[in-house]
K.L.:
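Just passing along the structure, written as structure tokens.
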There are 2 protein chains.
Amino acid sequence: MTAPARILLADDHALVRHGVRLILDNEPDLTVVAEADDGAEAVAQARSTDIDLAILDIAMPRQTGLQAARELSRLRPELHILILTMYDNEQYFFEALKAGASGYVLKSVADRDLVAACRAAIRDEPFIYPGAETTLIRKYLDRAQQGDALPAKPITEREEEILKLVAEGHTSKEIGDILFISAKTVERHRANLLQKLGLRDRLELTRYAIRVGLIEP
Amino acid sequence: MTAPARILLADDHALVRHGVRLILDNEPDLTVVAEADDGAEAVAQARSTDIDLAILDIAMPRQTGLQAARELSRLRPELHILILTMYDNEQYFFEALKAGASGYVLKSVADRDLVAACRAAIRDEPFIYPGAETTLIRKYLDRAQQGDALPAKPITEREEEILKLVAEGHTSKEIGDILFISAKTVERHRANLLQKLGLRDRLELTRYAIRVGLIEP
DNA sequence: TCGAACATGGGTGTCAGCACCTATGGACGC
DNA sequence: GCGTCCATAGGTGCTGACACCCATGTTCGA
């Protein structure tokens, strides 16, 4: 028997983190050796601690789990990453895969499924949450075959900044005043965001920002 | 030593539920005897099971924790209710108190705090999450002294219907077509909603609807 | 060094959101 | 019966959102 897999657990809710830790530590082949409150801390922990698997929540302050996943898979390509989230959402799923995650698990699954997902991730097998494999994987493969696996252009830092302010309810003029640019430029960025994300208006931008944890409802 | 307090735990995420259950069952004076996936099931469980304390998440499908709390405190006024949520939000806090909850705890607290909150709720002492007592309680008492503890007019069924559709991103005309009324009437209801809830525009209505669990992000 | 990507900003036009105003008809309680 | 609340609906007017058009300066990698 080999040593248990060393896990980093990142979730901004201490209660959830502690509960999941109890579940995982109960397994002989899994052990949680680090915890993180947010994405930035998760990256820092992964740099300083020897871990095999990172379990990342999506909605976290400072840096979302998806952002952390992108950074971690760039810094340490051999690290296994599991996204653990409450959002049963196709767009997230694709973003998670693009960010280098090998698994996507909902918080609504049973604990046995989480443990199975951890083991699959460690063996480098993809694991998608139960009930979604068929449609989601099929769509993903369809896109991949068309050479179109990563269709979405990444949004820039400035755009993310604008996105956050738009989603918080500020008008173009207000945002312009905050960032010391013209309202026109704000609208330019907003239009680019709508186009890149395939959304219709500020309202959908808001829901998107809430989904990815950029702002609180 | 008396028998442990019997607890109902309602959260739509099985993982979270299981983790919290492990935390609570570890305490000799607390025992989780029932679980629920959503607000409606929580009410059903509370009817059929003998419990002392209900721990309710806010964001749950079918019926939010706040709605369930209102119903439970009407059905069984002697039942202790604890709201456990990820939302550090003043409006929620007041709504929780109005709904009959004696405690409001964030998921970001440590497990010791959750256990303490359970014990406080069972002893019928109010428990507010650490760090917020001063401002929140003060505001609440200020309002109560002005005889203004429940300032908000309740929104009607029709308004809630409109709210949901607005928050989902439909235009007035679309909503009118869906409900077979004129766009003008939709705007009338929307204006009433804005006024009753003290909000500024559709975007804030959307965030409100997400907060109270009326729609998903 | 040349092009691509990015941030900047201007113009024009349409339309939906929202704030005011008005009114009517039904239900319900006092 | 009379007032109150609710749902219905119309008018007017302003303004922000959004879709198109356009150009300029910087930076950075091929």
Side-chain angles (χ1 to χ4, degrees), chain A residues 67 70-71 74 95 98 147-211 214-215 217, chain B residues 148 150-211 214-215 217:
Chain A
Q67 292 171 331
R70 275 182 218 110
E71 198 162 337
R74 195 163 44 78
E95 285 171 21
K98 286 192 295 181
D148 190 30
L150 311 182
K153 284 188 189 173
I155 68 175
T156 68
E157 277 184 37
R158 193 58 156 175
E159 283 166 351
E160 182 168 319
E161 202 170 5
I162 303 283
L163 168 56
K164 194 175 168 196
L165 290 165
V166 169
E168 282 172 351
H170 298 286
T171 65
S172 302
K173 173 152 191 340
E174 286 170 1
I175 298 172
D177 290 343
I178 292 170
L179 299 180
F180 300 109
I181 58 180
S182 84
K184 208 59 198 173
T185 303
V186 175
E187 293 183 350
R188 170 87 273 148
H189 287 306
R190 193 187 52 207
N192 287 339
L193 282 166
L194 291 178
Q195 198 257 316
K196 283 186 181 177
L197 299 173
L199 305 178
R200 291 198 321 190
D201 51 28
R202 324 158 46 228
L203 198 146
E204 292 195 347
L205 279 181
T206 299
R207 301 204 303 200
Y208 177 85
I210 292 172
R211 276 211 303 278
L214 206 58
I215 65 163
Chain B
D148 192 32
L150 310 182
K153 283 188 190 174
I155 67 176
T156 68
E157 275 185 39
R158 193 56 153 176
E159 282 166 352
E160 182 168 320
E161 202 171 4
I162 303 283
L163 168 57
K164 195 175 167 195
L165 290 165
V166 168
E168 281 172 351
H170 299 286
T171 64
S172 302
K173 174 155 191 336
E174 286 170 1
I175 298 172
D177 289 344
I178 293 169
L179 299 180
F180 302 108
I181 58 179
S182 86
K184 209 60 197 174
T185 304
V186 174
E187 292 181 351
R188 172 86 270 151
H189 288 306
R190 194 187 50 208
N192 287 339
L193 281 166
L194 292 178
Q195 197 256 318
K196 282 185 182 178
L197 298 174
L199 305 177
R200 290 199 322 191
D201 51 28
R202 329 160 40 230
L203 199 145
E204 293 195 346
L205 278 181
T206 300
R207 301 203 303 199
Y208 177 84
I210 292 172
R211 273 211 304 279
L214 206 59
I215 65 163

K.L.:
I need the CZ-C1' distance between Arg202(B) and dC15(C), as an integer number of Å.
P.N.:
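Between C1' of dC15(C) and CZ of Arg202(B): 12 Å.
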
K.L.:
Do you know the tightest heavy-atom contact between His170(A) and Ile175(A)?
P.N.:
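That would be CB-CG1, 3.5 Å.
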
K.L.:
Rounded to whole Å, how long is the line connecting atom CG of Asp201(B) with atom C1' of dA19(C)?
P.N.:
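From Asp201(B) CG to dA19(C) C1': 13 Å.
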
K.L.:
Once you round it to whole Å, what is the distance between P of dC6(D) and CG of Asn192(B)?
P.N.:
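It works out to 9 Å between those atoms.
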
K.L.:
Nearest to the side chain of Ser182(B), heavy atoms from C-beta on, is which of dC18(D), dT8(C), dG10(D)?
P.N.:
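The nucleotide sitting nearest to the side chain is dG10(D).
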
K.L.:
Axis-to-axis angle across the helix from dT1(C)-dA30(D) to dC30(C)-dG1(D), five pairs an end, to 10 degrees?
P.N.:
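That helix has its two terminal axes inclined by roughly 40°.
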
K.L.:
Measure the OG1-CD1 distance between Thr206(A) and Ile215(A) for me, rounded to the nearest 0.5 Å.
P.N.:
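With rounding to 0.5 Å, OG1 (Thr206(A)) is 6.0 Å from CD1 (Ile215(A)).
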
K.L.:
Which part of the nucleic acid, if any, lies within reach of Thr185(B) when heavy atoms closer than 4.0 Å are counted: base, sugar-phosphate only, or nothing?
P.N.:
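If one applies the 4.0 Å heavy-atom cut-off, Thr185(B) turns out to touch a base.
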
K.L.:
Out of curiosity, Glu159(A) CD to Leu163(A) CG, how far, rounded to the nearest 0.5 Å?
P.N.:
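Glu159(A) atom CD to Leu163(A) atom CG measures 9.0 Å (nearest 0.5 Å).
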
K.L.:
Measuring from atom CG of Leu197(B) to atom OH of Tyr208(B), what distance do you get when rounded to the nearest 0.5 angstrom?
P.N.:
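Leu197(B) atom CG to Tyr208(B) atom OH measures 5.0 Å (nearest 0.5 Å).
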
K.L.:
Considering all heavy atoms of both residues, which atom of Glu168(B) and which atom of Leu203(A) are nearest to each other, and what is their separation?
P.N.:
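Nearest pair, atom of Glu168(B) first, then Leu203(A): C-CD2, 4.4 Å.
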
K.L.:
Applying side-chain contact (heavy atoms from CB on, under 4.5 Å) to Arg158(A) and Thr185(A), what does each step give before you reach the verdict?
P.N.:
CA-CA 11 Å; Arg158(A) 193 58 156 175; Thr185(A) 303; over 6 Å; no

K.L.:
Taking only the side-chain heavy atoms of Glu187(A) (C-beta and beyond), determine which of dC18(C), dT8(C), dA17(D) contains the nearest atom.
P.N.:
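Out of dC18(C), dT8(C), dA17(D), the nucleotide with an atom closest to Glu187(A)'s side chain is dA17(D).
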
K.L.:
Would you mind building the protein contact string for nucleotides 20-30 of chain D? One character per nucleotide, 5' to 3', B for base within reach (heavy atoms under 4.0 Å), S for sugar-phosphate only, - for untouched.
P.N.:
-BB--------

K.L.:
Taking only residues two or more places apart in sequence or in another chain, which ones pass salt bridge (charged side-chain N to carboxylate O under 4.0 Å, His left out) with Glu187(B)?
P.N.:
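By the salt bridge (charged side-chain N to carboxylate O under 4.0 Å, His left out) rule, Glu187(B) matches Lys184(B).
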
K.L.:
Do any side-chain nitrogens or oxygens of Arg158(A) fall under 4.0 Å of OP1 or OP2 in dT8(C)?
P.N.:
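Checking Arg158(A) against dT8(C): at least one side-chain N or O falls below 4.0 Å of OP1 or OP2.
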
K.L.:
Are any side-chain N or O atoms of Arg200(A) and backbone N or O atoms of Gly169(B), one a donor and one an acceptor, separated by less than 3.5 Å?
P.N.:
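Yes.
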
K.L.:
Measure CD1/Ile155(B) against P/dC6(D) and give the value in whole Å, please.
P.N.:
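The answer, rounded to whole Å, is 12 Å.
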
K.L.:
Mind calculating the distance between CD (Glu204(A)) and P (dA17(D)) to the nearest angstrom?
P.N.:
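Going from Glu204(A) (CD) to dA17(D) (P), I get 16 Å.
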
K.L.:
Distance check: side-chain N/O of His189(A) vs OP1/OP2 of dG9(C), anything under 4.0 Å?
P.N.:
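False: His189(A) side-chain N/O out of range (4.0 Å or more) of dG9(C) OP1/OP2.
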
K.L.:
Hey, does Leu165(B) have a side-chain heavy atom less than 4.5 Å from the side chain of His189(B)?
P.N.:
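No, too far: nothing below the 4.5 Å cut-off.
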
K.L.:
Check this one for me: any side-chain N or O of Thr156(B) less than 4.0 Å away from OP1 or OP2 of dC5(D)?
P.N.:
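Checking dC5(D) against Thr156(B), no side-chain N or O comes under 4.0 Å of OP1 or OP2.
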
K.L.:
Checking side-chain contact (heavy atoms from CB on, under 4.5 Å) against Ile162(A), which of Leu179(A), Thr156(A), Ile155(A), Leu205(A) comes through?
P.N.:
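It is Leu179(A); the other options fail the test.
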
K.L.:
How many whole angstroms separate atom CD1 of Ile162(B) from atom P of dA7(D)?
P.N.:
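Rounded to whole Å, this separation is 9 Å.
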
K.L.:
Nearest whole Å is fine: how far is dC18(C) P from Leu193(B) CG?
P.N.:
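Atom CG in Leu193(B) sits about 11 Å away from atom P in dC18(C).
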
K.L.:
Nearest whole angstrom, please: distance from the C1' of dG16(D) to the CZ of Arg200(B).
P.N.:
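So the two atoms are 12 Å apart, to the nearest Å.
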
K.L.:
Heavy-atom contacts under 4.0 Å between residues 166-181 of chain A and DNA chain D, which residues?
P.N.:
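Only Thr171(A), Ser172(A) qualify.
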
K.L.:
Is there a side-chain contact between Asp201(B) and Arg202(A) (heavy atoms, below 4.5 Å)?
P.N.:
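Counting from C-beta outward, Asp201(B) and Arg202(A) do come under 4.5 Å.
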
K.L.:
Protein within reach of the bases, or only the backbone? For nucleotides 24-30 of chain C, mark each nucleotide 5' to 3' as B, S or -, using heavy atoms under 4.0 Å.
P.N.:
-------

K.L.:
By side-chain hydrogen bond (donor to acceptor under 3.5 Å, both in side chains), which residues pair with Arg190(A), not counting sequence neighbours?
P.N.:
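Partners of Arg190(A) under the side-chain hydrogen bond (donor to acceptor under 3.5 Å, both in side chains) test: Ser172(A).
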
K.L.:
Counting only side-chain nitrogens and oxygens, does Arg190(B) get under 4.0 Å of the OP1 or OP2 atom of dC18(C)?
P.N.:
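For Arg190(B), the contact criterion (side-chain N or O under 4.0 Å from OP1 or OP2 of dC18(C)) is met.
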
